[in-house]
Amino acid sequence: MNELSIIEIYNVTIDKLYEYVSRRCGGDRGLAEDVTQETWLRALVNWKKKGVPDEPIAWLKTVARNLLLNYFRRVKPVSLEQLPAGWEPGRLDNGFNIDSPELALMVNKALTLLEPAQVRLLEAFHFDGMKVSEIAAAFGISERGVEGRLRRSRISLRRHLENIYKPDGVKP
Amino acid sequence: MTGKHEPRKEFVEFLEWQIKTNFTRKEKFGSPIRPAKYRYMGIAALILVSIFCGAAGVVAKDQIQESRLKEVLILRTESEITVTKLQLRIVRSEMEEIQNQYQAGLVGEEALSVTRMRLQEIESKLVCLQIDIEEIKASGEKPRDDPAAPLIGDRDFFSERLAHRLAVIALALKQAEEKLDRSKHLMEAEAISEIEYQEAEAAFRKSQYAYMDLAGQIEIRERFLKGEINEEEVLREVKINTYRNRLESLRSLIQITRARYERTQDLFERGLISEVELLRLKVKLLEEEQEVNYLERLIELLPPGF
């Protein structure tokens with residue numbers, strides 16, 4: 001591993017990595033920069049010992065994802081008042097688009113409570129922008145199967161959110 | 001203008017710089033040592049160049065080297081600060097979560113104390129790193145972390161760092177004392193075993209001696225600054241101070257380990273535990289006894305007056 005190859009990898013991957021992280025945290029620039037930086041610092045330590053992986057961007061995204069999950073697992077949920085006006089968990093049933101840090105925090109917090117397989121599926125569709133056909137091929141199931149699982153995963157997500165957000169306020 | 005999910009140009013450049021400096025450090029400090037004959041050839045070449053270029057050239061080279069060293073030291077410390085700030089952010093989130101759980105009665109006071117301690121440690125580390133940067137800027141050298149470190153200008157960087165570390169140890173000691181107190185009540189109420197109480201006692205003693213070790217360093221520092229002892233004496237006294245505190249800490253630990261061993265032996269004889277558990281404790285006891293013997297001998301070897 002030499003400096004040139006690392007800088008080349010950095011230049012090729014930085015935009016993709018940052019976009020991946022930023023979308024996951026609803027455009028929270030401070031958090032996205034911290035996570036991107038920490039991911040790269042870890043990459044340097046790990047790659048020095050074990051060599052550069054075959055797919056650096058996949059490695060970087062995996063580490064960034066784990067850092068984000070750890071962060072969201074620890075952070076306190078936002079109150080419903082901080083979310084976009086009229087927003088309620090039932091809206092997740094028909095898909096979701098994370099466009100604010102508060103919404104990102106809330107959805108990610110609930111994601112940490114789901115089964116890993118459900119999380120992978122929701123991430124692939126809603127964060128990575130994969131099509132149903134692509135997910136079906138990647139997961140080795142039919143397109144109808146993917147649609148059914150996506151629907152059920154979103155319902156589970158909504159239920160977890162409903163548990164977090166009781167009518168009398170935010171549950172600790 | 002940068003899009004919502006696009007990185008800022010300054011951020012991309014800063015991170016690229018961090019990656020590059022990481023490699024510069026590696027090249028500077030991580031290169032293998034050359035065989036002796038090449039080193040001597042290098043020295044010979046340097047002498048010849050010095051003769052040709054004159055002493056002024058060598059001085060200029062030294063100045064450039066010093067300036068580079070200062071730059072590298074600052075970069076390294078700044079990177080450490082960046083990582084520590086991130087760690088601090090994580091522990092602060094954990095602290096908030098633990099406080100919520102504590103208020104809801106989901107976790108006990110101990111979990112709160114442990115996280116508070118970690119928070120204090122990281123906050124103190126961050127302050128010490130910032131003092132390091134100020135010292136590097138003022139001295140152009142690596143920060144000196146021993147009681148014989150010289151004052152730089154009017155500032156005593158060593159004592160400033162020590163005061164922060166002492167505050168952390170003082171908190172650890174206070175927490176260990178509170179835990180010991182709680183354990184005593186619980187043992188009296190037969191809610192915990194004697195062994196658990198002894199563990200709390202061992203942790204308290206360990207914190208107590210760690211505190212004494214730092215307090216001893218402060219005293220040595222004061223005597224050095226008053227001119228009562230010279231640099232060589234400082235280094236010896238620091239060593240003695242550390243040995244003695246370690247020895248006292250081990251002696252009290254051994255008493256606890258012995259008591260636990262006797263109790264475990266009794267349980268073994270009654271067929272309540274396996275021989276492996278007894279042996280494990282025996283090994284621990286032997287290790288502690290060996291270290292006590294070693295430290296006692298080291299102290300005996302010291303010249304009179306120490």
Side-chain angles (χ1 to χ4, degrees), chain A residues 1-11 13-45 47-48 60 67-68 70-77 98-101 104-105 109 112 127 129 170-172, chain B residues 1-31 75-76 78-107 111-112 114-115 118-119 122:
Chain A
M1 185 176 81
N2 59 45
E3 183 183 348
L4 193 64
S5 67
I6 285 292
I7 295 299
E8 279 169 0
I9 293 171
Y10 174 77
N11 286 328
T13 58
I14 184 64
D15 286 349
K16 285 181 200 164
L17 176 67
Y18 184 87
E19 187 186 347
Y20 172 81
V21 176
S22 178
R23 284 193 187 282
R24 291 283 309 243
C25 52
D28 181 342
R29 207 167 269 286
L31 180 61
E33 288 184 355
D34 278 352
V35 171
T36 307
Q37 185 184 28
E38 179 63 14
T39 303
W40 260 100
L41 293 176
R42 289 187 184 204
L44 289 178
V45 174
W47 295 357
K48 261 180 208 166
L60 291 165
L67 285 171
L68 279 166
N70 284 340
Y71 171 78
F72 287 120
R73 204 168 277 136
R74 289 180 183 127
V75 81
K76 202 177 156 187
I98 294 177
D99 51 9
S100 79
L105 199 154
K109 184 97 194 148
T112 63
F127 294 140
V170 179
K171 212 175 102 176
Chain B
M1 195 182 149
T2 313
K4 190 177 179 182
H5 299 301
E6 283 173 26
R8 288 182 301 124
K9 191 169 166 270
E10 303 82 53
F11 170 71
V12 174
E13 283 171 359
F14 170 73
L15 192 50
E16 185 174 338
W17 167 81
Q18 264 200 321
I19 294 166
K20 280 181 181 166
T21 51
N22 191 293
F23 276 94
T24 314
R25 282 204 307 278
K26 191 185 160 200
E27 280 165 16
K28 201 167 180 68
F29 301 113
S31 55
L75 288 178
R76 186 173 63 177
E78 279 175 346
S79 300
E80 266 190 82
I81 287 179
T82 307
V83 175
T84 310
K85 277 184 178 168
L86 198 67
Q87 286 173 334
L88 188 61
R89 189 171 165 171
I90 292 168
V91 179
R92 277 189 182 144
S93 300
E94 280 176 356
M95 187 68 197
E96 273 180 34
E97 193 175 340
I98 295 275
Q99 271 169 337
N100 289 336
Q101 288 175 352
Y102 177 71
Q103 279 159 9
L106 296 171
V107 295
L112 198 63
V114 170
T115 315
R118 278 184 57 212
L119 188 62
I122 296 176

Student: Sort E96(B) into side chain, backbone, both or neither according to what part of it lies under 4.5 angstrom from a heavy atom of chain A.
Tutor: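 Just the side chain, heavy atoms under 4.5 Å.
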Student: Looking only at non-hydrogen atoms, find the nearest pair between T36(A) and F11(B) and report the distance.
Tutor: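 Closest approach of T36(A) to F11(B): CB-CZ, 3.9 Å.
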Student: List the residues meeting side-chain contact (heavy atoms from CB on, under 4.5 Å) with V83(B), not counting sequence neighbours, and say none if there are none.
Tutor: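 Listed in chain order: L41(A), Q87(B).
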Student: Considering residues at least two apart in sequence or located in another chain, which fulfil the side-chain contact (heavy atoms from CB on, under 4.5 Å) criterion with Q99(B)?
Tutor: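 Per chain and number, Q99(B) pairs via side-chain contact (heavy atoms from CB on, under 4.5 Å) with M95(B), L112(B).
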Student: Given heavy-atom pairs under 4.5 angstrom as the criterion, report whether the side chain, backbone, both or neither of N70(A) touches chain B.
Tutor: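 No part of N70(A) comes within 4.5 Å of chain B.
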Student: Under 4.5 Å from any heavy atom of chain B, what part of L31(A) do you find: side chain, backbone, both or neither?
Tutor: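 Both backbone and side chain.
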Student: Rounded at 0.5 Å granularity, tell me how far CD1 in I19(B) sits from CH2 in W40(A).
Tutor: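 Output value for this atom pair is 5.0 Å.
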Student: So which part of R89(B) gets closer than 4.5 Å to some heavy atom of chain A, the side chain, the backbone, both or neither?
Tutor: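 Side chain only.
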Student: Should E97(B) and R73(A) count as side-chain neighbours, where that means a heavy-atom distance under 4.5 Å?
Tutor: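 A side-chain contact is absent here, since even the closest heavy-atom pair is not under 4.5 Å.
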Student: Could you report the tightest heavy-atom contact between Y18(A) and P7(B), atom names first, then the distance?
Tutor: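 Smallest interatomic distance, heavy atoms only, reads CD2-N, 3.3 Å.
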Student: Taking all heavy atoms of R29(A) and all of K4(B), pick out the closest pair and write down the distance.
Tutor: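 Answer, listing the atom of R29(A) first, then K4(B): NH2-O, 3.6 Å.
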Student: For L15(B), is it the side chain, the backbone, both, or neither that has a heavy atom closer than 4.5 Å to a heavy atom of chain A?
Tutor: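 Both parts, heavy atoms under 4.5 Å.
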